[in-house]
Peer 1: 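Quick one: this structure, given as structure tokens, is what I'll be asking you about.
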Number of protein chains: 2
Amino acid sequence: MDPGERRQAVVEAVFRVVEREGLEQASLRNVAAEAGLAIGSVRHYFDTHAELMVFAMTEMRDRMVSRLMVHVERLLDPAAAWTPGGRREAVADLLAEVLPLDEARRREAVVWLAFVTAARTRPELRPQADSLYDGLLTLATRLLEGARRDGRLRPGADVALEARRLCALLDGLTLEAVLHPARLDAPTLLATLRAHLATLTTPGGSP
Amino acid sequence: MDPGERRQAVVEAVFRVVEREGLEQASLRNVAAEAGLAIGSVRHYFDTHAELMVFAMTEMRDRMVSRLMVHVERLLDPAAAWTPGGRREAVADLLAEVLPLDEARRREAVVWLAFVTAARTRPELRPQADSLYDGLLTLATRLLEGARRDGRLRPGADVALEARRLCALLDGLTLEAVLHPARLDAPTLLATLRAHLATLTTPGGSP
DNA sequence: ACCTTTATAGCACGGCCGTGCTACATTCTT
DNA sequence: AAGAATGTAGCACGGCCGTGCTATAAAGGT
């Protein structure tokens, strides 16, 4: 098996353990068992436990980023002829991609929350945690700047402040959906995001 | 020393360890050392480690609730003659109490985040976690209903949806302030909350 | 005075942890 | 075919963990 694939398989095992039992249970032993490998085999690909955790968190971040990039590139495509309403929809779809709207994204959000909270007391994870927050903040800022350029942004809005407010809403919704899935289902999440975006933009229809 | 005080002192030690090194380091040994006690002494007051954690989380919740209750009772005081603008301010102050605006509240928020995320995989902590979320949600709902009664709420607003949106913003701001204190200082937190409240209410001045 | 209850302290066991190290098998290179 | 490199597996050590249990001291009630 390709070394890269093995590492991916181990990381998948990490994600499953974290989702099922929490990050503190993601020991080398538990991860190896979950991956169907011996503990020594895992250590052949990752020298230390910390290295495995950093790699897993980086992988989680990369997957989130690349998922968002698909939407971003669609928005930046110069060949696409966007109507104002279409752009509005595309931005909403992009931001909805951050929310745990299906089981796959919910699992990713669980892992995200576990790692970023762990990063508070684990220096080796801090760079990834900061990168995740900074990435979301600059994405929100860019989107709002674009909206302002196109006249879709509500006049008088402070872009920097609104970007932070949007990030807080997304992070808060994700946190609550992860911790209280029975109280925040997918339609509710989406409706909340759309209501927020409606207050940010000029009153404009969908067309 | 009074048994109640001893338990409080141990809980304080738990909070300090959690803040400094994370919940996973809050072992009986570490907590006892932090409290200046022998491990057996701690166990005299708390039979098991799980019992100590549940008690500490309950204590954290009770403190948050009682801090908010001061503001709530002030709002409900029938003897107080409220101007619309005064109510607006009082509600903003109440909600600001949730945010980690000073060192004391930041420490409490760190502990909050540690416990509610841990509750996802620890059944014995779930009741407290759910109670915290439900409490905040019903508080937000009541406040918005009150605002609607007084005509301070923006017409056409969906109270249930706006309550959820407000909770998400508060939780998101708290999460981000805990994880990225350098990027979200107290004035920024306050400005974000006030901007959100401004979009929720009718355009009304401070008087 | 005595005795029961409460408080404080610590030992010892089994269990899980990360990791240094070695052993064996497989694959690749030459 | 021989040897090097790589993958897989597991043992063993020291460390921290929760907890059952015992020992000693202090307090309180009678």
Side-chain angles (χ1 to χ4, degrees), chain A residues 1-59 114-115 117-119 121-126, chain B residues 1-59 114-115 117-119 121-126:
Chain A
M1 195 186 227
D2 182 67
E5 288 181 39
R6 259 278 176 267
R7 286 167 79 94
Q8 293 292 330
V10 173
V11 165
E12 289 295 336
V14 171
F15 291 165
R16 284 195 298 273
V17 173
V18 169
E19 189 209 351
R20 196 191 329 123
E21 308 173 54
L23 188 59
E24 66 280 359
Q25 295 299 323
S27 63
L28 282 180
R29 280 167 177 79
N30 288 346
V31 170
E34 178 74 30
L37 294 173
I39 186 172
S41 307
V42 174
R43 296 184 54 208
H44 183 252
Y45 294 94
F46 302 97
D47 276 355
T48 69
H49 181 253
E51 186 186 323
L52 171 57
M53 292 298 113
V54 170
F55 185 85
M57 186 173 181
T58 307
E59 188 64 23
F115 274 110
T117 55
T121 51
R122 298 196 206 177
E124 70 272 21
L125 300 180
R126 285 226 57 97
Chain B
M1 194 184 228
D2 182 66
E5 287 181 40
R6 259 279 175 264
R7 286 168 80 94
Q8 294 291 329
V10 173
V11 165
E12 290 295 337
V14 171
F15 291 165
R16 284 196 297 273
V17 172
V18 169
E19 189 209 353
R20 193 187 336 120
E21 309 172 54
L23 188 60
E24 64 281 358
Q25 296 299 324
S27 64
L28 282 180
R29 279 168 176 80
N30 288 346
V31 170
E34 178 73 31
L37 294 173
I39 185 172
S41 306
V42 174
R43 296 184 55 208
H44 179 70
Y45 294 96
F46 302 97
D47 275 356
T48 69
H49 181 252
E51 186 185 323
L52 171 57
M53 292 299 113
V54 170
F55 185 85
M57 185 173 182
T58 307
E59 188 63 23
F115 275 110
T117 56
T121 51
R122 299 196 206 176
E124 70 272 20
L125 301 179
R126 285 227 57 98

Peer 1: Within the pair Ser41(A) and dG7(D), is there a side-chain N or O less than 4.0 Å away from OP1 or OP2?
Peer 2: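 It does not, given that no N or O in the side chain of Ser41(A) lies less than 4.0 Å from OP1 or OP2 of dG7(D).
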Peer 1: Report the distance from atom CZ of Arg6(B) to atom P of dA9(C), rounded to the nearest whole Å.
Peer 2: 8 Å
Peer 1: So which heavy atom on Leu23(B) is nearest to which on Met53(B), and how close?
Peer 2: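 Where Leu23(B) meets Met53(B) most closely, the heavy atoms are CD1-SD, 4.0 Å.
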Peer 1: What is the distance from CD1 of Ile39(B) to C1' of dG20(D), rounded to the nearest Å?
Peer 2: 12 Å
Peer 1: dC16(D) phosphate, OP1 or OP2: any side-chain N/O from Asn30(B) under 4.0 angstrom?
Peer 2: no
Peer 1: Check Val18(A) against Ala114(A) and note the closest heavy-atom contact, atom names and distance.
Peer 2: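 Closest approach of Val18(A) to Ala114(A), heavy atoms only: CG1-CB, 3.7 Å.
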Peer 1: In whole Å, what is the span from the OH atom of Tyr45(B) to the P atom of dG18(D)?
Peer 2: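 Those two atoms, OH and P, are 20 Å apart.
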Peer 1: For residues Thr121(A) and Arg20(B), report the shortest heavy-atom separation together with the two atoms involved.
Peer 2: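 Distance-wise, the nearest heavy atoms are CG2-O, 4.0 Å.
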Peer 1: Check this for me: does any side-chain nitrogen of one of Arg7(A) and Glu59(A) sit under 4.0 Å from a carboxylate oxygen of the other?
Peer 2: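 Between Glu59(A) and Arg7(A) there is no salt bridge, as every charged N stays at least 4.0 Å from the carboxylate O atoms.
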Peer 1: Whole Å only: how far is the CG atom of Asp47(A) from the C1' atom of dG20(C)?
Peer 2: 12 Å
Peer 1: Give His49(A) one of three labels, base, sugar-phosphate or nothing, depending on what nucleic acid heavy atoms sit under 4.0 Å from its own.
Peer 2: sugar-phosphate
Peer 1: Using atom CZ of Arg29(A) as one end and atom P of dA9(D) as the other, report the distance to the nearest whole Å.
Peer 2: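 Rounded to whole Å, this separation is 16 Å.
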Peer 1: In whole angstroms, how far is the C1' atom of dT19(D) from the CZ atom of Phe46(B)?
Peer 2: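 Distance check: Phe46(B) CZ to dT19(D) C1' gives 16 Å.
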Peer 1: Identify which nucleotide among dC17(D), dC21(D), dG18(C) has an atom closest to any side-chain atom of Ser27(A), counting heavy atoms from C-beta outward.
Peer 2: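 Of all the options, the side chain of Ser27(A) is nearest to dG18(C).
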Peer 1: Roughly, in whole Å, what's the span from NE2 in His44(B) to C1' in dA23(D)?
Peer 2: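 Rounded to whole Å, this separation is 15 Å.
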Peer 1: Which nucleotide, dG18(D), dA9(C), dC17(D), lies nearest any side-chain atom of Leu28(B)?
Peer 2: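 The nucleotide sitting nearest to the side chain is dG18(D).
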Peer 1: What is the distance, rounded to the nearest whole Å, between atom CD of Glu24(A) and atom P of dC17(D)?
Peer 2: 14 Å
